Structure formats: structure tokens, C-alpha cells
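Quick caveat: nothing in here was measured; it's all calculated off a predicted structure. Numbered from 1 within each chain, the chains take letters A, B, ... in sequence-line order.
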There are 2 protein chains.
Amino acid sequence: MLNDHTQSISQDCGDCPIRHRAVCARCETDELARLEEIKYYRSFEAGQTVIWSGDRMDFVGSVVSGIATLTQTMEDGRTQMVGLLLPSDFVGRPGREGAAYDVVATTDMVMCCFRKKPFEDMMARTPHIAQRLLEMTLDELDAAREWMLVLGRKTAREKIASLLSIIARRDASLQLKGMDGPLIFDLPLTREAMADYLGLTLETVSRQVSALKRDGVIHLEGKRHVTVPDFARLLEEAGDDTDGGMLA
Amino acid sequence: MLNDHTQSISQDCGDCPIRHRAVCARCETDELARLEEIKYYRSFEAGQTVIWSGDRMDFVGSVVSGIATLTQTMEDGRTQMVGLLLPSDFVGRPGREGAAYDVVATTDMVMCCFRKKPFEDMMARTPHIAQRLLEMTLDELDAAREWMLVLGRKTAREKIASLLSIIARRDASLQLKGMDGPLIFDLPLTREAMADYLGLTLETVSRQVSALKRDGVIHLEGKRHVTVPDFARLLEEAGDDTDGGMLA
DNA sequence: TCGCGCGCTTGATCTGCGTCAAGGTTTTCC
DNA sequence: GGAAAACCTTGACGCAGATCAAGCGCGCGA
């Protein structure tokens, strides 16, 4: 079906990930050109809110660079992060009116957007887009459910290790690196954001990060620059075996 | 688009929910007939496993009657439920090889199934199916993310109230009842299953159910038959305001 | 260059929920 | 009808993680 060639297209990736993520170039060059016509870019600064939960959302798009988070907040202020958007991740809900979550840029960020209406029209004309989007949504669903296990059943230490392993994995795949040898990356999240993702307090996050460092599972340079000498060890700490945990 | 008429078809609902859930009768009667040809039914007894995580899954389908759960299990036995499948819910992942979770029937259950290959072929020929499936998957994603908030940030009492409100809501909508007046339903889950859904132990579930009963938020007849005299009160206990929490 | 603020760490204490244990009730099956 | 097996409740106790509190260090603007 579609998946077979999505890999190959990522070679001639332009500057807009949605191009080969949401559609398949081999099958529909005409439609691609049309998408090209209606796309536009939006930039956000670190800390800026992209949309508030419940707001009307008249575009869909994908992250080109930088990082954003999806969060939910209760009336009394308790907040839970429900998604982490890294470059190439899709944002938006074709067929839906409003946003379901707050979307906030945690670093400077660029998005490639399409107005929702034309995008939906195009989706109706181009079956592969809906199929590709279904694929991506299933991936996100898997990631969300994977995360439910983390939230519901893992200890604080395991939660931290799980988050680090997910970020490490995503980071490596963005840079087309393998998983062998030490992994080095920068944490894109504050301790507080990590806590919101993990259902912990920032103090507990800080303590457990320190503990993992003390035990040699990770090394830290400054607060954010992480080295993972042995990825298998990290996975073990996360309570994962050999699996392919995900993210969204 | 599609959604407009899905409502109306549910009137002449036969015995197979997927018929009007995954496709739209008004648009493609031919395709519907073809679906009809390839569908078949499977029955499961309470406690029976439908598929194991990782197993090859060569069908998709939907629940006709009864209840099933999706669960994940860690090597050391900790388990987390990640979905509750009620009648009309879709099961399966078009475009995926294996099952991602254990699917277990918790009551006697009947499913309406389609072999995956023909279903996928049909999806490729019939754009509306992919779009409808995308809709449903987005709903499940919302439900999963809603649940992440429950798992990550709510207290034991709030978790119980959240679960009860979700079941009450789903139950009422299945029976086409309104949400006014006392809600009465049977819990489809054991205390242990509730615990697995909520990230708690069964003892804590039992204690909190007793507490909600003592405080008059719910009434119990036997262990399973629940009456909710004031749904708004239950929502308040759940930490929800007026929202539309979901399930999958 | 200073000082202010934000992000982070670490300590002390508290508490909600898990753990362990015992016993009750309902269902199942001979 | 009786015994065994599920399923559920309740109590006593301990601990992981929350809460409260103090202080550090780095970056930034004046």
C-alpha cells in the first residue's frame, strides 16, 4: 500500500515534513502540487501558546523544527501532558471543530500549516491522505496507550527512564543515527514539564534524575545535556524489555 | 461529509454495528453488499482471550454484544488496561500486522468480523471507510488522552468516580436514555479489572467504592448493581466540570 | 558588574495508597 | 446440600512520592 514508499520519499525531503508524511508523492504528484499551493508557515517563540483547548482550530499542520507539547488542565490547576510533538509530527484533527488540548511551544518552533477546509477537501479527493493520516493516528494511539502503562503502573524511577528512552530514541531517529554506542542529546523539557508528562512533581523528577546519574545510568553536563552510555541498561531501568515504545 | 448521515442509518441497524459505523450506507450500497458477503461472527465466553499481544491478527471487527478489554502487561506481571470495548466499538488496526495488546472478553461477547485483507482492499476502493475509521480512531485517541489525565493526576476517589461516570454515560447512550434522573447500570468489571484500568490495587478500589456509597454518591445493590442519584454530583467527585469525557 | 529571577537541587516531614492479612459472601460444581 | 473457588471487604502497617522549605547557580537586563 502506501507505507512501502513513504520511506523512500523521506530522502528528498524538502523543508515541509507533511509533504511525505501525510501524502505519498509517487501516487499523486498533482495533489502534491496543490498542497504546495496552500501551505504556509508559522513561527512560535519558546513558551508561546499555539492554541488553547476548546478554541476553534482552522488549520492542520506539522512541526518543522522545535518542540511543542499537548496538555490538559483541571480547574484546580493540576496539569497532565498528553503528547510531545517533535519535528515531523502532525498537529490537528481533520473533521473536528475545536482543539482538544492546549498546544504550547516549549522551544522556538516552526510549523507548516494548511487551512483546514482545503486540506479536508483534498483529503476527500485523495484517498491516500486519509489512509496515511489513519496510519499516523494509529501510531499516536499506540503511543498514548503505551504511556498509560507508564502513568498507571511504573515507579518514579521507571517513569524517568521511560521518558529518557523515548526522547533518546526519537532524537536518534531524527538524526538518522543508530542505537549503538553512547547516545547524546539535549533534554527539550524543563523538570516541571517532565513532571507534567510523568504525573509526578518536579521535586521527584529532580531526585530521580540525580539518582540515575549517581547510579551511572546517565551522565549529565549542565542540567540538560544527557549522555546515555548503555541504552539497554536504560531500557532495563524503564521496565521495558526489548520493545518499541513510542511517543506522540 | 460522512458524519451527517451516519446518525440516520443507525435507525435501521441490523445486527452488525460495523455496517453503519465503518461505512456509510447512503453513499455506497454496492460496497455495503460486498462487506455483507465477507462478514462473519465470532462468539467468546467470559474470560476468554480474543488475541494475545503480538499475535498475528488477520481480522478487524466490532463488538456486537458483551464487553472486552485491552490490556498491557509488564514482564513482572503489572498490568494496565488501556481500553474498554463496548458494543459498537471497533477492534483491529487496518494496515498493521500484529495485535498491540491483549484483548480479553470480560463477559460473554459476540463480535462481527471481516478478514483483514478484503477489508483493507475495500478500504482502498472506498474512501469513506478510511475517513470514518479516522474519525473513530481520533475519538479513541481523545479517550486515551483523557484517560492519561485520570491516571496521572487524579486521586483514587476521583479515579473511581471518573470510571463510574464513563460507564454510566456509555450505558445511557447505548440504551438511548437521557442523562436526567437517576442512572442505573451494572458494573461490567470486577474490582480487579477496575483496579487495572485505574492504576490502583483492588483493595483501594473496594475501599473507595465503599466510601462513595457511604457518602451517598452512589447506591449499591449487591456488588455490581449501581444507582447514581445525582450525575452532576458524581462528575464533581470525578474532578470533571461539565466536560464530555470518553472511553475506548 | 551587580542583582534579580528562574530553573534546579536537596532536606525534612507528611500522607495516600500499597501491602499483608483475615474473614465474609456469592457462585459454581460435584 | 456441601465444598471449593471466586470475588469482595475491612483492618493494620509501611513506604513511595507529595508537600513544605531552604538554598544554589546561571543567564539576563539594568
May I have the distance from [X] (atom [atom1]) to [N] (atom [atom2]), rounded to whole angstrom?
{"X": "A:Lys159", "N": "D:dA16", "atom1": "NZ", "atom2": "C1'", "value": "11 Å"}
{"X": "B:Arg191", "N": "C:dT27", "atom1": "CZ", "atom2": "P", "value": "13 Å"}
{"X": "A:His225", "N": "C:dG7", "atom1": "NE2", "atom2": "P", "value": "21 Å"}
{"X": "A:Glu221", "N": "D:dC26", "atom1": "CD", "atom2": "P", "value": "13 Å"}
{"X": "A:Met194", "N": "C:dG7", "atom1": "CE", "atom2": "P", "value": "15 Å"}
{"X": "A:Leu202", "N": "C:dT9", "atom1": "CG", "atom2": "P", "value": "9 Å"}
{"X": "A:Glu158", "N": "D:dA16", "atom1": "CD", "atom2": "C1'", "value": "12 Å"}
{"X": "B:Arg214", "N": "D:dT9", "atom1": "CZ", "atom2": "P", "value": "13 Å"}

Please confirm whether the shortest side-chain N or O distance from [X] to OP1 or OP2 of [N] is below 4.0 Å.
{"X": "B:Thr204", "N": "C:dG18", "answer": "yes"}
{"X": "A:Thr201", "N": "D:dA18", "answer": "yes"}
{"X": "A:Ser206", "N": "C:dT10", "answer": "no"}
{"X": "A:Arg207", "N": "C:dT10", "answer": "no"}
{"X": "A:Ser210", "N": "C:dT10", "answer": "yes"}

* Asked: Base, sugar-phosphate, or nothing for B:Gly199, non-hydrogen atoms under 4.0 angstrom?
  ->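 Sugar-phosphate, no base atom in range.
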
* To do: Classify the nucleic acid contact of A:Arg157 as base, sugar-phosphate or nothing, counting any heavy atom under 4.0 Å across all strands shown.
  =>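 The answer is nothing, as A:Arg157 stays clear of every strand by at least 4.0 Å.
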
Which nucleotide sits closest to the side chain of [X]: [options]?
{"X": "A:Gln208", "options": "D:dG17, C:dT19, C:dC8", "value": "D:dG17"}
{"X": "A:Glu203", "options": "C:dT10, D:dT10, C:dT9", "value": "C:dT10"}
{"X": "A:Leu200", "options": "C:dT9, D:dT9, D:dA18", "value": "D:dA18"}
{"X": "B:Lys223", "options": "C:dT9, D:dT10, D:dC8", "value": "D:dC8"}

* Is the closest basic N to carboxylate O distance between B:Glu237 and B:Arg233 below 4.0 Å? ->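 Answer for the salt bridge query: yes.
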
* To do: Flag the pair B:Asp139 and A:Arg93 as a salt bridge only when some basic side-chain nitrogen lies within less than 4.0 angstrom of an acidic carboxylate oxygen.
  =>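 No, this pair does not count.
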
* To do: Would you check if the side chain of A:Asp102 reaches a backbone N or O of A:Trp52 as a donor-acceptor pair within less than 3.5 Å?
  =>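 Not a single qualifying donor-acceptor pair exists.
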
* Reported OG-to-CE distance for the pair A:Ser65 and A:Met109, which is rounded to 0.5 angstrom ->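 Separation between the atoms: 8.5 Å.
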
* **Greater than 12 external heavy atoms within 6.0 Å of A:Glu192's CD** =>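 Not more than 12 within 6.0 Å, no.
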
* Considering only heavy atoms and no angle criterion, is a donor-acceptor pair shorter than 3.5 Å present between the side chain of A:Glu192 and the base of C:dC8? ->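 When only heavy-atom distances are counted, A:Glu192 does not reach the base of C:dC8 through any donor-acceptor pair under 3.5 Å.
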
